[in-house]
Every structure is written in C-alpha cells, then in structure tokens.
Amino acid sequence: MKKKLFLLHGWIGTQLGLLFFVICFSGTISTVSHELDWLIQSDYRATPQSTYVSRNVISNNFAKTYPKAKITYWIRHDEPYLCDLLYKEEDKKLSFVFANPYTGEIQGETSLTAQLYLRDLHYYLFIPFQVGNYIVLFFGFLILIVEEIFCTRCKKWNE
C-alpha cells in the first residue's frame, strides 16, 4: 500500500509541477511579449519620431480601411518602437489592427499576438468558465505561502 501511495504521490507531484512550470514560465515570457510581437510581426513596428499624430487621423484612416468595423479598445504603448494596437470588431469577430502612432497609417492586422496568447495562457490556462483563473490563483497563493516560509527561515539564518 505504501508503494502505491508513493507512486500516486510522485505522479500527482509531477503533474502539478508541470502545471506550475507552465504558469511561471508563461508569466516570465509575458514580460517580453511586446518585443516578441515586434520580432514576429513586421507590421507592428514603428520608427520613433518626435511627435505623435492626432488620434482622429488614426480613427479616420481606420474608418476608411475598415468601413464596417468599429474600434472596441485602443492601446498606445510606452515603447516608442511599437504601433498602436486597435481592437477591431467586425461581424462579431475580433482582430487586432496596427496603427502607426507617428504617421497615422494602418500598417496591418492580425487575429493573434504573442502578448495576448501568453497573457491568456498565464491568466487562465485556456480553460473556460473561470476554472483556469482559480487554478492559477491557487498556485499564486502557494507561491506566497512558500515565499513567506522561506523568507522567515532566511531571516532566522541571517540573525
């Protein structure tokens, strides 16, 4: 019986360890996800200039390029080498449009970005109905507990 319990313990530990690795790794890679998008999608690149164009110019260019679509969300990045990311909704389908913040030009469109993919993987593991959110939350609390225990021991060792 002890041998079976030990094997069960090892199997569960391995599965949870892999899941924990995916959560931590996706969160770590998410920190450079804009740079990954910049590398992968040339349409996402902007050449930094001294002044930004008016958002009205970008909106007008968007309306000319996609007359039946609407902008549901707009992201202007802090990084000067990235285009604005416009969330485009058309016929109940979501896609992402790259707009150059310096020229107002619509440079391209995609249905998926590395940043959004990694964020969704890290937030909820692509599991529907918020089950993934609770799993990630549980692992977050585990990290806090382990860190508190480890930091307490480190403080005792340093005294």
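Values below: every heavy atom of this structure, side chains too, minus hydrogens, waters and symmetry copies.
- Of all heavy-atom pairs spanning Pro48 and Pro80, the tightest one is CG-O, 3.7 Å.
- Between Asp84 and His77, the closest side-chain pair of non-hydrogen atoms is not below 4.5 Å.
- In this structure, the side chain of Tyr123 does not engage the main chain of Leu118 through any donor-acceptor pair within 3.5 Å.
- There is no side-chain donor-acceptor pair under 3.5 Å between Gln107 and Tyr44.
- At distances below 3.5 Å, at least one donor-acceptor pair connects side-chain atoms of Thr113 with backbone N or O atoms of Leu116.
- Taking the centre and axis of the six-membered ring of Phe96, the NZ or CZ atom of Lys88 falls outside the cone set by 45° and 6.0 Å.
- Considering only heavy atoms from C-beta on, Lys70 stays 4.5 Å or farther from Glu90 through its side chain.
- The SG atom of Cys83 sits 11.5 Å away from atom CG of Asp37, with the distance rounded to the nearest 0.5 Å.
- In this structure, CG in Leu39 is found 13.5 Å from NE2 in His34, a value given to the nearest 0.5 Å.
- What you find for Ile135 and Leu19 is that their closest heavy atoms are CG2-CD2, 3.8 Å.
- Looking only at distances, no side-chain donor or acceptor of Asn133 sits under 3.5 Å from a matching main-chain atom of Tyr124.
- Between atom CD1 of residue Ile75 and atom CG of residue Leu86 there is a gap of 9.0 Å, rounded to the nearest 0.5 Å.
- Using modelled atom types and a 3.5 Å distance limit, the side chains of Glu89 and Thr72 yield no donor-acceptor pair.
- Within a 6.0 Å radius of CZ in Phe141, other residues, nucleotides and ligands contribute 12 heavy atoms or fewer.
- Note: Ile40 CD1 to Gln115 CD = 12.0 Å, rounded to the nearest 0.5 Å.
- Minimum heavy-atom separation, Gly104 to Val57: CA-CG1, 4.4 Å.
- A cation-pi arrangement is not found for Arg45 relative to Phe98, the charged atom failing to lie both closer than 6.0 Å to the ring centre and inside a 45° cone about the ring normal.
- Remark: Tyr81 OH is packed, more than 12 non-hydrogen atoms of other residues, nucleotides or ligands lying under 6.0 Å away.
- Counting all heavy atoms, side chain and backbone alike, Leu112 lies closest to Gln41 at O-NE2, 3.3 Å.
- The local environment of OH in Tyr66 is crowded, with over 12 non-hydrogen atoms from other residues, nucleotides or ligands closer than 6.0 Å.
- A donor-acceptor pair under 3.5 Å links the side-chain atoms of Asn100 to the main chain of Tyr102, judged by distance alone.
- Distance check: Leu125 CG to Ile23 CD1 gives 5.0 Å after rounding to the nearest 0.5 Å.
- Of all heavy-atom pairs spanning Ala99 and Ile58, the tightest one is CB-CG2, 3.6 Å.
- Taking OG1 of Thr103 as the reference point, atom OH of Tyr52 lies at 12.5 Å (rounded to 0.5 Å).
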